[in-house]
Structure formats: C-alpha cells, structure tokens
**Q** 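Here's a structure for you.
What you see below is based on every heavy atom in this structure, not just the backbone, and it leaves out hydrogens, waters and symmetry mates.
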Amino acid sequence: MGDNPDFDEEEIKEEKNCLDLGKTNPSKSVYLEEHIECTSIPNVNKDNTTTTHVYKRRWVMVLLFSSYSLCNAFQWIQYGIINNIFMKFYNVDSFAIDWMSMIYMLTYIPFIWPVSWLLDKKGLRLIALLATAINCLGTWIKVASVKQNLFWVTMLGQFAGSLSQVFILGMPSRLASVWFGSEEVSTACSIGVFGNQLGIAIGFLVPPILVPNVDDMDELAYHISIMFYITAGMATVIFILVVFMFQEKPEIPPTLAQVQARSTPPEEYSYMASILRLLRNLPFMLLVISYGLNVGCFYAVSTLLNRMIIEHYPGEEVNAGRIGLTIVIAGMVGSLICGIWLDKTKTYKQTTLAVYLMSFMGMVVYAFTLNLGHIWVVFVTSGALGFFMTGYLPLGFEFAVELTFPEGEGTSSGLLNCSAQIFGIIFTIGQGKIIDHFGTFAGNIFLCVFLLIGTIMTAFIKSDLRRQKANHLAENQVKQASHPQEGLSASYTEGGQSIRRKSS
C-alpha cells in the first residue's frame, strides 16, 4: 500500500478526527479527505474473522442473465443485417430500417435514469423480471406484425425490445460484484457481456439464413414469421426460468467490498447525490466519453454492415451476416481473455489503453481493405477489429467500477451505456449520410478519427482503483483484528474502524 510506517501525534489526532466524522455521519466516511481514508468493516465475528462466502449457484445467475441478454441482443441486429430484404417487404427506405437498430440506442437515453434508480433501490431480481417480461412481450408483438402494411407494429415490438435492453446493459458489473469473489469478478463481468455479444453474433448469422432474399411476398412473410416465432418461443422459456430460478443476492456476501457496501443503511443513500459525485469524478467522466466513442463506433459498424458489404460485394447478404458473426465471435474471445487478464493482473488502465489503441488500428486496416475485392480479406480484418473493439466492452465496465467504488455499479454502467447510445446514434446517422454521398471509405475514416480521439482521452485517465483499495484495506483490518499487535505501524484502529494514510 505504500503507507508511511510512522505516526506522529499530529497524524494520530488528525486520524481521530476522521474517525469522529465517521461516527457522527457514516455516509461521509465513505469519501475521503485528500489523504485520509476511513472505512468501516462491520461483519467481523467474535473470533476476529470477517464472513464471506462464494456460492456455486453464482454460475446459474450469470448464465440466466447471459441467456436473456442474448435473446434481446439478437433482436437488435436482426433487421439491419438483412436491411435490403426488410426494405422490400415493408416497402420502406433504408433509413427506416436503420431506425430498427437505432431505436435501441434512443430508448436507452431517457429510460436509463429511472432504471438505474430501480436497480440501486430494488436490486437484481426485479430488474431481471422486468427485462425478461418486456422482452417476451416484444417478441410476440413482432409475431403479429408479419404483414406488409404493419411496419408500425414491428417497430412497436422492436421498441419493447429496446426498453428491455435498458434493464440489461447495466447489469453485468453489478451481478459480478454481488455474486462473485474479488479474484473472478472481471471474468464474471466478461461472461455477462459475453451473452450479449453472442446474441449479436447469432443476430448476424441466423436472419440471412432463415429469411432468404426471395421476390414472392407470401413466401417472404412465411420465412419472417418463422424467425419471429423462434425468437418468441426462446424469450418465453427464458422468462419462465428467470421467474423460478433467479435470486436477488447470496445470503453471505462474496467479498469484503460487498460487506462494506451492504453495511450502508438505505436511508443514507441518495441516487441524485451519487450521480453528482460521478459527474465530478474527472477520470470517470473521461472514461464515459472515451467508452461512448468506442462502443458508438461498434454500433455504427454493426448497423451499417449490410450496406457496406453489399456495396462492394453485391448479393452477399449471407456473407455479410457471417462477417458480422466474425466480428462478434472474435470480440467474445477478446472479452474473455481481457477479463481473465484483469483478474490476474489488475492492470485496468494499461489494458484498457492497449485494447483501445488496437481498436483504432483495426478500424484503419478495415477501412483501407474493405474495397479490395477479396471478401476473405474482409473476414480477416473484421475479425481483428472485433477482437479489440468488442473485447473492449467489459473492460470499460470494470474500469468504471474501480474508478467509482462505492457508487452503485448500475449507476456507473448506466452513464457509460448512455454515452455509447448517444454516440451510436450520431455515428450511425453521420456515417450513413457520408456513405450515401462519399462512399464507405470516407464513412469508415470518419469513425477512425473519433477512435483516435478516444485513445488519446484514455491515456489521460488517472488509474484510481478504489475497489481494489477497499478490498486491501478490509483485508488488512481483518488481519489486525486477528493479530492486534501486528501492523500498527501501518494503520491506526479504534472502535471497529480502520484509518490508513494513503500514499501520495
């Protein structure tokens, strides 16, 4: 920890003042003066051990979440990847079909605030139930929309899916923190994001296979209805599983950081105050903008992929879906590798910056090779782009939790995702217009510029790993409780609280 081993009288007096502040106003003890840290770890037993436990059913929770996240993410891209086919069936222009993707981004922006409040106040189970119920409803609305004059009905079903997504995107880091130990929390977050990515991958692959580009409208309606019925059946099964199997939280918290988080009385928590503290957190706000730039670029590339591929490789709708699949599968591998790497090394800043830089370089290579006329080259460059750009998603979540602890994970994730949706809409519309007027190369260079800006911003983020510090502090306090004569040179304890001087 790099603490000063010696305490003079002035320092001890200063630390006692900090302790008194924690006693009179516990909510303020969470936040520290410039160099003094006060933390209370209340779950210490009579034998001077702190109770934590990791349950096997944590894997059931994360797999359930990944399943309904997958089902929802599939619907996000199922229209865009066969853009030309849905244009023909519903007799609308390409911009209308682009909105079937962008509605997911637009809906998120106003609804994330009440949903984040619900997540902080009511917990994981209610959010999971609402997400799966709304998602299930939306899939059945789409089943009823397979007529050429019912585009508004299919848009209504897609809106329901987009509303469900608001209850999903902010959950991976919260679920990981609530259920998983400190040595596997980043891996668990990656698995949570993995489900969403797998859904996008299936959304790229399956629609071009299930819905061929035929001219007979009755046959086309039949193929579309098959796709919608399969989705509705999956959504219904997942909803039933969540109702009977998804739990709020384990009886005993898995980490000392969660022990501390549970010890804060609900009446001391203010959602608006939490938002204001996050907005004043400069490293986090830099991450919010840089995350939005990266993920917004991914949303734009995914939404417009069919248009870009068809322009250079006419009639390759199925391969366009396979290229999208390649992007996301490579990103899933990247996500898992990055999650495991973070759990092993805790190098949040360095890993995030390296992956961001490689995302920028991957986008540059993709832009310069898309029009070469060799579709196998597009597969290779898309895979490299996806490995880093999609693999960045869980890194952003976990880095945000580290920078903002002990704020609610749903609140920090919500701000990240809100930024991503805003930039996603801007980039999708902007790149689409540039493609229409200047071609795909100019549109991709447009995204490269913003990825370069995001890389530079990431380099300026201060690596203030608050969650890691809280875990280390708690572990040291438990050791001191077990061996009161040891470690006094590193900290000063009184009344069940530990005061440590931070290294400058």
**Q** In this structure, which one of Phe86, Phe151, Tyr90 forms a side-chain contact (heavy atoms from CB on, under 4.5 Å) with Met100?
**A**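 By the side-chain contact (heavy atoms from CB on, under 4.5 Å) criterion, Met100 pairs with just one of Phe86, Phe151, Tyr90: Phe151.
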
**Q** List the atom pairs, with distances to 0.1 Å, where a side-chain N or O of residues 422-429 and a protein N or O form a donor-acceptor pair under 3.5 Å, not counting sequence neighbours.
**A**
residue : atom : partner : partner atom : Å
Thr428  : OG1  : Gly424  : O            : 2.6

**Q** Which residues pass the side-chain contact (heavy atoms from CB on, under 4.5 Å) test with Ala131, sequence neighbours left out?
**A**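 Residues passing side-chain contact (heavy atoms from CB on, under 4.5 Å) with Ala131: Tyr68, Ser164, Phe167, Ile168.
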
**Q** Is any side-chain heavy atom of Phe65 less than 4.5 Å from a side-chain heavy atom of Asn196?
**A**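 No, every pair of side-chain atoms sits at 4.5 Å or beyond.
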
**Q** Please determine which of Phe387, Phe360, Tyr291 meets the ring pair (Phe, Tyr, Trp, His ring centres under 6.0 Å) test together with Tyr392.
**A**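 Only one option passes, and that is Tyr291.
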
**Q** Report yes or no: is the cationic atom of Lys433 (NZ for Lys, CZ for Arg) under 6.0 Å from the centre of the six-membered ring of Phe95, at an angle within 45° of the ring normal?
**A**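 Here Lys433 passes the 6.0 Å and 45° test against Phe95.
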
**Q** side-chain hydrogen bond (donor to acceptor under 3.5 Å, both in side chains) for Trp341 and Thr347? Distances and angles first, verdict last.
**A** CA-CA 8 Å; Trp341 174 259; Thr347 53; 3.2 Å; yes

**Q** Could you tell me which residues satisfy side-chain contact (heavy atoms from CB on, under 4.5 Å) with Val377, sequence neighbours excluded, listed by chain and number?
**A**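 Counting only residues at least two positions away or on another chain, Val377 forms a side-chain contact (heavy atoms from CB on, under 4.5 Å) with Thr369, Leu372, His374, Thr381.
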
**Q** Can you check whether Asn135 reaches Cys71 side chain to side chain, under 4.5 Å on heavy atoms?
**A**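 The answer is yes; the side chains approach within 4.5 Å.
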
**Q** Less than 6.0 Å separating the ring centroids of Trp99 and Tyr79?
**A**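 Judged by ring-centre distance (under 6.0 Å), Trp99 and Tyr79 do not meet the cut-off.
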
**Q** Could you tell me if the side chain of Asn444 sits less than 4.5 Å from the side chain of Met363, heavy atoms only?
**A**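 They are in contact (side-chain heavy atoms under 4.5 Å apart), so the answer is yes.
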
**Q** Hey, what's the ring geometry for Tyr299 with Trp76, parallel, tilted or perpendicular (30° and 60° as the breaks)?
**A**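 Ring orientation, 0 to 90° scale: perpendicular.
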
**Q** Give a yes or no on whether Met361 atom CE has more than 12 heavy-atom contacts from other residues, nucleotides or ligands under 6.0 Å away.
**A**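 No, because the 6.0 Å sphere around CE of Met361 holds 12 heavy atoms or fewer from other groups.
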
**Q** How about Asp98 and Arg307: do any of their side-chain heavy atoms sit closer than 4.5 Å?
**A**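 Yes, close enough: below the 4.5 Å cut-off.
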
**Q** Excluding sequence neighbours, so at least two apart, what forms side-chain contact (heavy atoms from CB on, under 4.5 Å) with Tyr108?
**A**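 Applying side-chain contact (heavy atoms from CB on, under 4.5 Å) to Tyr108 gives Ile112, Gln165, Val166, Leu169, Asn417, Cys418, Gln421.
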
**Q** Under the ring pair (Phe, Tyr, Trp, His ring centres under 6.0 Å) rule, collect the residues that match up with Tyr222, sequence neighbours excluded.
**A**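 Here no residue qualifies.
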
**Q** Looking at every heavy atom in both Gly292 and Ser419, which two are closest together, and how far apart are they?
**A**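 Answer, listing the atom of Gly292 first, then Ser419: CA-OG, 3.2 Å.
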
**Q** Can you find a pair of side-chain heavy atoms, one from Phe228 and one from Ser145, that are under 4.5 Å apart?
**A**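 Of all side-chain heavy-atom pairs linking Ser145 with Phe228, at least one is under 4.5 Å.
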
**Q** Does any part of the side chain of Val178, heavy atoms only, come nearer than 4.5 Å to the side chain of Pro250, both counted from C-beta?
**A**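 Side-chain contact under 4.5 Å: yes.
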
**Q** I need the minimum non-hydrogen distance between Phe446 and Gly443, along with the two atoms involved.
**A**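 Looking at all heavy atoms of both residues, the closest pair is CB-O, 3.2 Å.
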
**Q** Could you pull out all residues at least two apart from Leu70 that satisfy side-chain contact (heavy atoms from CB on, under 4.5 Å)?
**A**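 Testing Leu70 for side-chain contact (heavy atoms from CB on, under 4.5 Å), a comparison that skips the adjacent residues, returns Leu198, Ile202, Met234.
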
**Q** Side-chain contact test, heavy atoms from C-beta onward, threshold under 4.5 Å: evaluate it for Ile461 versus Phe399 and give yes or no.
**A**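 With C-beta onward as the side chain, the pair touches.
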
**Q** Heavy-atom distance under 4.5 Å between the side chains of Phe441 and Phe368, does that happen here?
**A**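 In short, these two side chains touch, coming nearer than 4.5 Å.
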
